[in-house]
Amino acid sequence: MKSGIVTIIGRPSAGKSTFLNTASGEKVSIVSSIPQTTRNAIRGIVNTTKGQIVFIDTPGYHKSEKKLNLKLQEIAKTRLEEGDAVLYLIDLSREFGEEEKNICSLLSSLQGKTVIGLNKADLAASKADGASKAPATSKVDLAKKEISKLLPDIPQERIVEISALKDEGINEILSSLIELLPEGEPLYPEDIYTDQDVVFRITEIIREQAIAHTREEIPHALYAGVEDAEMRKNGKELWVRAFLYVEKESQKAMLIGKGAAVIKSIRIKSMAEMRKIFPYKVQLDLQVRVNKNWRQKDSIIQKISY
Ligand SMILES: Nc1nc2c(ncn2[C@@H]2O[C@H](COP(=O)(O)OP(=O)(O)OP(=O)(O)O)[C@@H](O)[C@H]2O)c(=O)[nH]1
Ligand SMILES: [Mg+2]
């Protein structure tokens, strides 16, 4: 049997977290349409007949000098070195630009242990349903051409078109990765699918729902924190007091909404999501606070992103 760690890398919104959720069949990592949703190195475990893959989902790799961004880059880079193999996801629906080139240069010394997923192949295909098939084909060809220039040592059979969202090509990726892993016993028991603790998962679900309810700069200005938690009703209910933090009073007002409609909806949807993943009900007390310019504060960045 094989077992080992696979770091997932890619630009923001490439579909890394979606891939992990689809591959594991569980809601491991939160997903949204805004870039830089993932802020932590999150483990998700996939058991196959040939062995166990411990995936590490990482924050989208995007060069920027902003404090939080530097931290996100550091997490992705560090985890890359830790892996026995690497899964590099490329978003076919966008141009192969600077962001991809930066990632390719990070991967140049890791080509022997890298598998590439050309993701969102479903979008490329649907766009081609019209008059011409040219756009879809050219996206794949263009990506392959860039890869052959920048990562020439990755063999063709380790470059796979996939759709993380539609569950297409996932098994091919898993088989290619398993081949790159060392022989060994499983690193985690079979019934474990993530290493995240309950409090972290609760803050992530709240943040996912808050992102889904807001727009523009607010999703990026959010973080969530659990202040207090207590098991009640003989283990049937977890009571949680949590806060959503934003950077400005104006953002707080938007997050609460008219007649508190927005925050109420975030709370209800978060509780429903938690009901799906925990063996008990979560009773959530959720409020909004302002932590002025928290993205400039090292102490907060250290606390929420690791
Ligand atoms: N059509 C289509 N959409 C996808 C696919 N994979 C992911 N998406 C969408 O792309 C968006 C980003 O997905 P995520 O999984 O959050 O991307 P990520 O790479 O984890 O993003 P960061 O955490 O921000 O780096 C979401 O709206 C997903 O639904 C795919 O195969 N096809
Ligand atoms: Mg993600």
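As the structure lists them, so they are numbered: ligands from 1, and atoms in each ligand from 1. The residues of the chain are indexed from 1 along the displayed sequence.
- Counting protein heavy atoms only, atom 17 (O) of ligand 1 is closest to G15 N, 3.1 Å.
- In this structure, L89 is not a member of the same hydrophobic cluster as V86, with clusters built from ILVMFWY side-chain heavy atoms closer than 4.5 Å.
- With a cut-off of 2.8 Å, the Mg ion (ligand 2) has no N, O or S atom of S29 in range.
- Under 2.8 Å from the Mg ion (ligand 2) lies an N/O/S atom of S17, whether from backbone or side chain.
- Side chains of K66 and Q296: no donor on one and acceptor on the other come within 3.5 Å.
- Proximity to L123 (heavy-atom distance under 4.0 Å) selects the following atoms of ligand 1: 1 (N).
- When non-hydrogen atoms are compared, ligand 1 lies under 4.0 Å from the backbone of S163 as well as from its side chain.
- Checking L89, L165, D122, D167 against atom 29 (O) of ligand 1, the nearest heavy atom belongs to L165.
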Original post:
Stepwise, does the salt bridge (Lys or Arg N to Asp or Glu O under 4.0 Å) test hold for E273 with K276?
Top reply: CA-CA 5 Å; E273 280 301 305; K276 291 185 205 161; 2.8 Å; yes

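- In N234, the CG atom is not crowded: 12 or fewer heavy atoms of neighbouring residues, nucleotides or ligands sit closer than 6.0 Å.
- Residue-to-ligand polar distances place A164 within reach of ligand 1: an N/O pair is separated by less than 3.5 Å.
- For the pair R289 and Y245, the cation-pi criterion (under 6.0 Å, within 45° of the ring axis) is not fulfilled.
- Checked by atom type, the side-chain pair Q196/T194 shows a donor-acceptor distance below 3.5 Å.
- Among protein heavy atoms, atom 4 (C) of ligand 1 sits closest to K120 CE, 3.7 Å.
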**OP:** In sequence, state the C-alpha distance, the side-chain angles, and the governing distance for D57 and S17, and then conclude on side chain to side chain donor-acceptor pair (under 3.5 Å).
**Re:** CA-CA 6 Å; D57 187 12; S17 302; 2.5 Å; yes

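- Ring pair Y280/F278 is parallel by interplanar angle, where below 30° counts as parallel and above 60° as perpendicular.
- Which of I9, D57, T38 comes nearest to atom 23 (O) of ligand 1 through a heavy atom is settled by distance: it is T38.
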**OP:** Show your working on side chain to side chain donor-acceptor pair (under 3.5 Å) between N47 and Y193 and close with a plain yes or no.
**Re:** CA-CA 9 Å; N47 294 295; Y193 65 87; over 6 Å; no

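- Close contacts of ligand 1 with G60, meaning ligand atoms under 4.0 Å from a residue heavy atom, involve 25 (O).
- Close contacts of ligand 1 with P35, meaning ligand atoms under 4.0 Å from a residue heavy atom, involve 24 (O).
- Remark: minimum distance from atom 14 (P) of ligand 1 to any protein heavy atom is reached at T18 OG1, 3.6 Å.
- Summary of contacts: the protein heavy atom closest to atom 27 (O) of ligand 1 is S33 CA, 3.5 Å.
- Under a hydrophobic clustering in which Ile, Leu, Val, Met, Phe, Trp and Tyr are joined whenever their side-chain heavy atoms come within less than 4.5 Å, directly or via other members, L177 and L107 fall into different clusters.
- Counting heavy atoms under 4.0 Å from ligand 1, residue N119 touches it through the side chain alone.
- Closest protein heavy atom to atom 21 (O) of ligand 1: S13 N, 3.0 Å.
- Ligand 1 places these atoms under 4.0 Å from at least one heavy atom of K16: 15 (O), 17 (O), 18 (P), 19 (O), 20 (O), 21 (O), 22 (P), 25 (O).
- Between the side chains of N291 and K297, at least one donor N or O sits under 3.5 Å from an acceptor N or O.
- Of the heavy atoms in S32, only backbone atoms (N, CA, C, O) come closer than 4.0 Å to ligand 1.
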